[in-house]
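All chains are named by letter (A, B, ...) in the order of the sequence lines, taking the proteins before the strands, and each is independently numbered beginning at 1.
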Protein chains: 2
Amino acid sequence: MQRGSFQWMKSLNKSIILNKIRTSEPISRAQIAKETKLTPPTVGTIVKELLEQQLILESKLGESQGGRKPTMLVLNTSGFHIIGIDVGLSHIQFVISDLSGKVIDETEEVLAEEVTKEDFLALLTNGVNRLKERHDSLQFIGIGVAMHGVVESESGVSIFAPNLRLRNIPIKSHLEEVFRMDVKVENDAKAFALGEAWFQGQINHRSMVAVNIGRGIGAGIVIDGKLYNGEHGIAGEIGHMTIDINGKKCSCGNHGCLQTLASGPAIAERAKELLEKGGESIIAEWINEQELSAELVHKAALQNDQLAIKILHDTGVYIGIALTNLVHVWDPSIIIIGGGVSKAGDYIMTSIKETLVERTITEKAKTTLITISQLGSYGSSLGSVALILSELFEPTLL
Amino acid sequence: MQRGSFQWMKSLNKSIILNKIRTSEPISRAQIAKETKLTPPTVGTIVKELLEQQLILESKLGESQGGRKPTMLVLNTSGFHIIGIDVGLSHIQFVISDLSGKVIDETEEVLAEEVTKEDFLALLTNGVNRLKERHDSLQFIGIGVAMHGVVESESGVSIFAPNLRLRNIPIKSHLEEVFRMDVKVENDAKAFALGEAWFQGQINHRSMVAVNIGRGIGAGIVIDGKLYNGEHGIAGEIGHMTIDINGKKCSCGNHGCLQTLASGPAIAERAKELLEKGGESIIAEWINEQELSAELVHKAALQNDQLAIKILHDTGVYIGIALTNLVHVWDPSIIIIGGGVSKAGDYIMTSIKETLVERTITEKAKTTLITISQLGSYGSSLGSVALILSELFEPTLL
DNA sequence: CCCACTTTCTTAAGATACTTCATTAAGTAT
DNA sequence: ATACTTAATGAAGTATCTTAAGAAAGTGGG
């Protein structure tokens with residue numbers, strides 16, 4: 001446990017003030033003192049330090065409250081930059097972000113079908129180098145990496161990356177050695193969750209869950225602004241939550257996992273079954289030319305195809321049931337939905353919400369907020385940026 | 001957020017030292033300094049204060065490590081006492097506990113079929129008074145109350161107590177007014193969880209879940225020694241986790257809740273169904289004289305009745321599936337099982353463990369510990385004691 | 001336009017509680 | 001006995017918050 005010392009006290013107060021500025025900018029010294037219960041002189045000296053470190057800036061004067069005008073303080077968002085990396089299925093996305101989560105520039109590397117560890121690490125180095133060279137005047141404070149599969153975040157090693165068919169890639173140590181800056185690696189669903197917390201003002205929620213539904217289903221859990229990993233690093237694996245003990249077999253070996261009912265492939269699968277049973281749908285005409293996919297089902301729904309609409313509706317019900325379980329176990333204040341399925345928008349969201357309200361057992365729980373992610377294609381990249389930011393804004397242990 | 005101040009620093013360090021003594025007694029000042037990274041003089045002055053407050057005692061000298069013998073410090077377990085109350089179905093249990101969780105004395109009040117709020121509060125007052133009078137020399141620091149149903153812990157109000165058919169009982173304010181001491185009220189499953197954490201040395205687990213399976217099924221979640229409530233106070237309601245979307249209807253209105261498969265009544269129900277289908281069992285002979293209950297099924301299993309054994313085995317599988325979901329969402333380091341079903345011991349436990357190992361998706365997760373509660377009939381009472389203790393041992397906000 | 005009053009921010013002195021360093025206390029080992 | 005360990009404490013030093021006072025910069029009424 002962290003012991004109390006002078007440095008710790010200082011670091012704690014500094015972090016409190018910095019975060020207050022971040023979340024409430026522009027704000028005056030006096031206002032900070034009121035809201036944090038720190039005394040004005042304490043705020044003064046710490047603000048002075050933050051100004052010297054260029055982490056914040058003094059902006060123009062604010063409105064008078066009946067006396068001297070306050071000098072407002074703002075975060076120096078463009079004073080430092082962070083490189084965020086999202087390792088996707090076929091591409092690696094690299095972004096440069098400022099402290100506010102604004103993307104300044106981006107680039108990409110293509111993932112070949114077969115890559116070795118060395119190939120992969122070289123791709124990471126290349127992408128980062130390209131961005132750094134384009135912006136050599138900027139000061140970078142760290143690199144965040146969002147990686148699919150199983151990641152051991154403390155060591156920054158990708159334990160197992162199914163899509164790359166690679167194991168034990170030492171991402172953190174490699175990048176730290178090459179670029180000599182702070183590197184954080186995390187599972188993409190978890191990084192995504194942290195990103196939502198940081199850049200969507202969701203950080204105020206004591207407990208939030210971000211669910212990523214695409215080819216697979218994963219969730220990241222953020223408590224008090226920090227990622228919750230669980231004891232064995234699998235907290236949030238709701239794709240393998242059993243909701244139908246007599247259901248279909250899942251790749252994990254169990255039956256009736258959420259993933260067998262509501263992932264992208266599962267949607268296509270259900271459509272196929274319904275068509276085989278003789279269901280009427282325009283999808284039947286399309287699949288001669290295209291492969292049956294979740295996107296196709298969505299496309300059909302947009303043309304008011306009843307079978308497609310029902311499939312999406314049912315998908316929402318399944319997700320809703322899983323989220324109800326989540327609420328009954330974890331009880332977060334907000335649930336954010338992202339990933340491919342979220343593009344199907346209202347067709348699915350409506351039934352998710354209805355299901356949740358219908359099934360949760362108390363009135364209060366029915367008020368749990370559910371929204372769709374607003375970060376778009378930068379979701380996981382900005383999440384990896386947030387990995388670095390969350391460290392910057394936290395008190396440093398001493 | 002808590003700001004750093006001198007008092008906070010002191011309070012924090014005091015709490016660190018007190019907890020170190022509690023968990024590692026007997027321990028010397030020097031050893032505390034080493035393990036907490038506090039300096040010897042700091043430890044010295046704080047220990048002096050704790051001695052003056054009578055919270056700890058100096059015991060005999062320890063073994064020499066090659067120099068002067070250390071004076072060992074121990075918790076003054078019998079210096080202060082706490083009253084714990086467990087409101088059960090038909091009885092209210094009152095216990096006096098010392099700081100180590102040892103029960104010094106106990107008493108009971110019987111709950112009539114119909115009680116008013118006033119009756120109920122009077123019963124609480126009576127029980128506490130009886131214990132206090134028997135031990136008027138002891139110094140009491142608080143009263144903890146474990147209450148079934150929905151409890152709002154901040155205000156200490158029982159929002160809804162289904163068994164008493166009462167709503168909005170102001171337990172905390174009533175007891176605080178009468179006895180002028182600190183009162184904490186919490187849901188019984190949650191209190192039980194905290195009790196396990198405190199008195200079974202489980203406090204070291206960063207994250208633990210205690211599941212109470214009896215007439216209903218509830219769980220309490222303890223993170224870093226503190227109860228996790230969730231945003232709307234329903235975290236841990238795993239009784240209403242859906243694991244079979246096509247299953248039986250539950251009292252909550254949904255289908256396939258764990259409670260419809262694995263609670264005491266559900267066990268009896270399943271036995272009844274199997275008998276009606278023509279299953280062979282000695283239970284069939286018994287139910288002419290006795291009502292069919294989970295206890296009866298257990299009794300039959302003890303006589304090697306195959307149908308009963310199968311029912312209990314299946315119950316374990318259902319619980320195992322729910323716990324697997326819990327592991328995939330929450331990923332605690334230990335799960336503790338208590339309540340009536342835990343009395344069925346090995347018949348159920350074996351299949352719970354097997355199911356969990358079979359279904360969890362990573363090797364690490366398969367190592368999640370599962371044990372049966374050791375607190376026996378004092379489970380919830382001692383949990384309510386822990387409500388008060390956890391406050392005593394925590395730094396006080398300033 | 002001056003003066004009293006606010007509000008903001010800073011400076012200076014004071015208080016608190018940790019740290020460092022030195023010392024005493026009480027052992028063990030040769 | 002002497003030298004070396006380890007344990008505990010005392011005294012001085014120091015970092016950092018707090019209190020109190022004051023300077024800076026505004027508002028508004030007469």
*Once the angle between the rings of Phe393(B) and Trp198(B) is folded into 0 to 90°, is it parallel (under 30°), tilted (30 to 60°) or perpendicular (over 60°)?*
tilted
_Nearest-nucleotide 5' precedence on DNA chain D, Ile46(A) against Gly67(A)_ = Ile46(A)
_Listed nucleotide nearest any side-chain atom of Ala30(A), set dC9(C), dA7(D), dC18(C)_ = dC9(C)
*Whole-Å distance between dA7(D) C1' and Gln31(B) CD?*
12 Å
_Do Met1(B) and Leu12(A) have side chains that approach each other closer than 4.5 Å (heavy atoms only, starting at C-beta)?_
yes
*When the distance from CZ of Arg68(B) to P of dA7(D) is rounded to whole Å, what number comes out?*
10 Å
*asked:* Does Glu58(B) form a salt bridge (charged side-chain N to carboxylate O under 4.0 Å, His left out) with Arg29(B)? I'd like the steps, not just the answer.
replied: CA-CA 10 Å; Glu58(B) 283 187 327; Arg29(B) 291 169 173 81; 2.8 Å; yes
*Measure the distance from NZ on Lys14(A) to P on dC17(D) and round it to the nearest whole Å.*
11 Å
*Residue closer to the 5' end of DNA chain C, Gly4(A) versus Thr71(A) (nearest nucleotide)*: Thr71(A)
_Minimum-distance pair of heavy atoms, taken over all atoms of Pro70(B) and Ser28(B)_ = CB-CB, 3.4 Å
*Would you say dT19(C) has OP1 or OP2 under 4.0 Å from some side-chain N or O of Thr39(B)?*
yes
*Once you round to the nearest 0.5 Å, how far does CD1 of Ile221(A) lie from CE of Met208(A)?*
10.0 Å
_Rounded to whole Å, please give me the gap between CD in Glu49(B) and P in dC18(C)._
9 Å
*What does Pro70(B) touch in the nucleic acid at a heavy-atom separation under 4.0 angstrom: a base, only the sugar-phosphate, or nothing?*
sugar-phosphate
*Take the protein atom CD1 of Ile17(B) and the nucleotide atom C1' of dA8(D), then report the distance between them rounded to whole Å.*
14 Å
*Between dC17(D), dC18(C), dT19(C), which nucleotide gets closest to the side-chain atoms of Arg3(A)?*
dT19(C)
_Short side-chain N/O contact to dA17(C) OP1/OP2 from Asn13(B), under 4.0 Å_ = no
*With a 4.0 Å cut-off on heavy atoms, is Lys34(B) in touch with a base, just the backbone sugar-phosphate, or nothing at all?*
sugar-phosphate
*Identify whether any heavy atom of Thr45(A) sits under 4.0 Å from a base atom; if not, whether one sits that close to sugar-phosphate; answer base, sugar-phosphate or nothing.*
nothing
_Tell me the interatomic distance from Lys69(A), atom NZ, to dA25(D), atom P, rounded to whole angstroms._
12 Å
*Please give, in whole Å, the distance from dC17(D) P to Phe6(A) CZ?*
10 Å
*Give the rounded distance in Å between these two atoms: CZ of Arg29(A) and C1' of dA23(D).*
15 Å
